[in-house]
Amino acid sequence: MPAPESARAVKVTPISGFPELLPAERLAELHVLDVIREVFELHGFTPLETRAVEPVERLLGKGGDADKEIYGVTRLAARSDERGGTDGGLGLHFDLTVPFARYVLEHAGRLHFPFRRYQVQRVWRGERPQEGRYREFTQADIDVVDVGELPPHLEAEMPLVVAEAFRRLPVGEFRILVNNRKVPEGFYLGLGLTDVQGTLRVVDKLDKIGAEKVRDLLLEGGATAEQAEQVLALASIRTADTSFVERVRALGVSHPTLDEGLAALAAVVRAGEEQAPGTLVADLAIARGLDYYTGTVYETQLVGAEDWGSVSSGGRYDSLASDGRTTYPGVGISIGVTRLVQLLLARRGLTATRSTPAAVLVAVVDEESRRRSDTVAAALRARGVPCEVAPAAARFGKQIRYADRRGIPYVWFPGAAEDGGDQVKDIRSGAQTDADATTWVCPPADLRPAVVVTAP
RNA sequence: GUGGGUGUAGCUCAGCUGGUAGAGCAUCGCGUUGUGGUCGCGAGGGUCGCGGGUUCAAGUCCCGUCACUCACCCCA
């Protein structure tokens with residue numbers, strides 16, 4: 001016989017970039033998700049879910065150096081020649097836009113256009129994690145795609161939906177920065193700079209490395225001092241109204257694409273002014289890394305937490321979904337739910353008022369009468385009151401403490417009343433009153449855990 | 001992938017130029033045969049990330065490795 005296994009502690013360690021929440025935190029996150037879903041549905045977006053995997057070549061197709069961030073999926077038992085390679089293999093999706101584009105192509109015959117959908121799912125990116133950046137996280141996307149042409153007013157609608165969701169969440173002040181790819185593109189071309197992508201990438205670093213460094217990089221990239229100045233001048237324009245148009249005009253550059261972009265961006269900003277004053281800001285430095293964006297691009301930051309990066313972004317894409325014959329242009333915006341929630345948890349003290357959905361703990365007097373407690377619980381549940389029955393017929397003090405630890409506001413005592421009926425105690429105030437499980441009304445504010453923030 | 005930092009109890013951390021582990025908080029128990037939170041007393045919980053080396057002796061010094069973390073890249 002082998003010696004008895006020594007009780008050695010099993011080491012469990014977190015995996016970097018795969019965040020997990022405590023119960024109260026998860027309840028808070030669910031609240032955030034509920035609000036987002038509700039707003040999306042109020043705007044008529046239909047729910048959709050796509051599989052977690054796509055062919056690797058499809059995931060690779062639409063991005064630049066996306067290959068590094070894609071997680072491949074293989075069976076552990078697969079033969080070695082089936083593994084390792086990416087060609088023909090499967091990968092976990094790194095966003096919800098690319099899978100959605102595929103979905104549209106695959107089901108185009110059975111969808112009605114313009115097609116509005118929302119999608120809330122986890123995505124995976126094999127990046128180096130750090131604060132606010134994860135390898136597994138949840139995105140909540142809305143997109144609209146149409147056949148052939150996409151009306152421009154949709155580009156104004158997307159950020160307004162996000163703004164509405166954010167207004168219902170304890171995120172504080174926020175700004176949705178908006179730009180149109182055609183503005184810098186036309187501007188650069190008008191200046192004689194042909195490397196639009198390269199220039200955009202440099203400009204995108206502006207808030208990180210500063211104007212001086214950006215100027216150096218532009219000069220290294222072959223721009224003249226004058227061109228670099230103009231590029232920086234454009235990027236410095238940021239207005240909450242349509243006055244950015246005159247400011248761009250004042251720079252004296254002209255190009256047909258620039259005109260198009262300015263008109264489109266002005267329309268978006270104007271809609272924002274009317275429907276969500278102060279939330280949409282034209283920021284001509286916003287570039288967005290993904291190169292499938294062709295028109296309006298969005299980026300959202302919470303005021304005071306700009307260093308956490310964007311908590312919602314997106315844009316218009318005209319050729320992401322195309323089968324070669326028909327193209328389905330779209331526009332969408334994504335809320336980085338995990339980043340947003342982690343930010344609120346870390347910086348705003350976001351939490352739930354309790355760590356369980358239960359509003360009531362039904363006490364158990366002794367094990368012989370547990371059935372009576374079960375009956376009480378059933379009556380409460382039948383009327384929509386979340387509750388649980390105490391795990392043990394311990395001293396009442398312990399049962400109350402059980403509820404207190406979890407933030408459960410009420411403890412129900414079967415048979416505690418003079419007449420043999422029940423009593424319910426609000427353990428926050430200590431008030432204990434006679435009650436009947438078939439008629440007791442739980443105060444609405446206590447029915448579900450509430451979400452609170454403790455920091456400004 | 002590149003570079004820096006850090007690994008000691010569930011959490012936050014002490015532990016001096018080497019002498020075989022400690023605090024606070026948390027958890028559980030008792031004080032309180034059933035009504036909590038305060039308070040008091042007590043208990044459990046550590047192969048000091050892992051492996052190797054130096055030494056009579058390593059949490060402490062050296063090498064390696066892994067993990068976490070920060071920055072770059074990129075992005076929600």
Side-chain angles (χ1 to χ4, degrees), chain A residues 6-19 22 32 36 63-70 93-97 119-141 162 176 201-202 204-205 208-209 213 286-291 293 297-302 305 307-315 332-343 361 363-367 369 390 392-416 423-432:
Chain A
S6 59
R8 173 185 285 176
V10 177
K11 279 273 195 278
V12 291
T13 54
I15 300 178
S16 175
F18 290 79
L22 290 170
V32 170
I36 289 170
D65 49 7
D67 53 323
K68 275 187 203 162
E69 61 182 35
I70 295 172
H93 56 215
F94 57 82
D95 75 0
L96 300 178
T97 309
Q119 198 168 337
V120 180
Q121 284 180 248
R122 295 216 172 191
V123 303
W124 295 267
R125 291 184 194 174
E127 302 179 273
R128 272 286 189 282
Q130 47 192 273
E131 191 172 59
R133 302 182 47 193
Y134 313 97
R135 298 197 287 194
E136 176 180 70
F137 57 98
T138 300
Q139 288 194 317
D141 281 36
V162 169
I176 301 182
R201 290 169 70 92
V202 173
D204 201 31
K205 300 180 201 293
K208 208 163 255 178
I209 64 176
K213 294 259 174 62
I286 298 300
R288 300 271 73 224
L290 295 169
D291 31 310
Y293 292 126
V297 289
Y298 321 102
E299 195 157 302
T300 307
Q301 36 189 234
L302 302 194
D307 57 309
W308 267 71
S310 174
V311 291
S312 172
S313 71
I333 191 164
S334 172
I335 298 175
V337 178
T338 304
R339 175 179 284 181
L340 176 65
V341 169
Q342 294 280 357
L343 163 60
L361 175 74
V364 174
V365 176
D366 50 47
E367 285 303 329
S369 70
R395 253 184 22 234
F396 282 171
K398 289 188 67 176
Q399 298 195 43
I400 290 171
R401 194 172 57 185
Y402 177 98
D404 187 46
R405 291 279 156 84
R406 291 161 178 75
I408 299 172
Y410 298 98
V411 177
W412 195 280
F413 295 103
Q423 288 194 318
V424 65
K425 178 190 183 88
D426 181 336
I427 65 172
R428 295 161 301 188
S429 65
Q432 187 165 334

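Protein chains get the first letters and strands the later ones, always in sequence-line order, with residue 1 at the start of each. Only heavy atoms go into these numbers, but all of them, side chains included; no hydrogens, no water, no symmetry mates.
A:Glu131 contributes no side-chain N or O that forms a donor-acceptor pair with the base of B:U69 under 3.5 Å.
Relative to the six-membered ring of A:Tyr402, A:Arg406 meets both conditions, a distance below 6.0 Å and an angle of at most 45° to the axis.
Between A:Phe18 and A:Glu136, the closest heavy-atom pair is CD2-CB, 3.4 Å.
Under a 3.5 Å cut-off, the side chain of A:Arg428 and the backbone N or O of A:Pro409 do not form any donor-acceptor pair. The closest donor-acceptor contact from the side chain of A:Gln399 to the backbone of A:Val364 lies under 3.5 Å.
When rounded to the nearest whole Å, the span between CZ of A:Arg406 and C1' of B:G36 equals 13 Å. In this entry the distance linking CD of A:Glu299 with C1' of B:A76 reads 10 Å, nearest Å. Between the C1' atom of B:C73 and the CG atom of A:Asp204 lies a distance of 12 Å, rounded to the nearest Å. To the nearest angstrom, C1' of B:C72 lies 9 Å from CD of A:Gln130. Rounded to whole Å, atom P of B:C28 lies 11 Å from atom OH of A:Tyr402. With rounding to whole Å, A:Gln423 atom CD is found 15 Å from B:G36 atom P. Note: CG (A:Leu361) to P (B:U35) measures 16 Å, nearest angstrom.
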Grab the N/O contacts between the protein and nucleotides 32-34 of chain B below 3.5 Å, and write none if there aren't any.
residue: B:G34; atom: O2'; partner: A:Phe396; partner atom: N; Å: 2.5
residue: B:G34; atom: N7; partner: A:Val365; partner atom: O; Å: 3.4
residue: B:G34; atom: O6; partner: A:Val365; partner atom: O; Å: 3.0

Sort me out a list of protein N/O and nucleotides 3-9 of chain B N/O pairs below 3.5 Å, or just none if empty.
none

All N/O pairs under 3.5 Å across the protein-nucleotides 64-67 of chain B interface:
none

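Between B:C72 and B:A14, the two C1' atoms lie 34 Å apart (nearest whole Å).
Of all the residues in residues 332-342 of chain A, A:Gly336, A:Arg339 reach under 4.0 Å from RNA chain B with at least one non-hydrogen atom. In the region residues 132-140 of chain A, proximity to RNA chain B at under 4.0 angstrom, judged on heavy atoms, holds for A:Gly132, A:Arg133, A:Tyr134, A:Phe137, A:Gln139.
Glycosidic conformation of B:G7: anti, with the torsion beyond 90° of 0.
Base pairing of B:U60 is not made with any nucleotide, judged by Watson-Crick or G-U wobble geometry with both donor-acceptor distances under 3.5 Å.
Residues A:Asp141 and A:Asp95 form no side-chain contact, since every pair of their non-hydrogen atoms from C-beta on lies 4.5 Å or further apart. Contact annotation: the side chain of A:Phe137 never approaches that of A:Leu340 to less than 4.5 Å [non-hydrogen atoms, C-beta and beyond].
Taking the ring-ring contact (aromatic ring centres under 6.0 Å, His included) definition, one finds that A:Tyr410 meets it with A:Trp440, sequence neighbours left out.
In terms of position on RNA chain B, the residue among A:Gly430 and A:Gly309 whose nearest nucleotide sits closer to the 5' end is A:Gly430.
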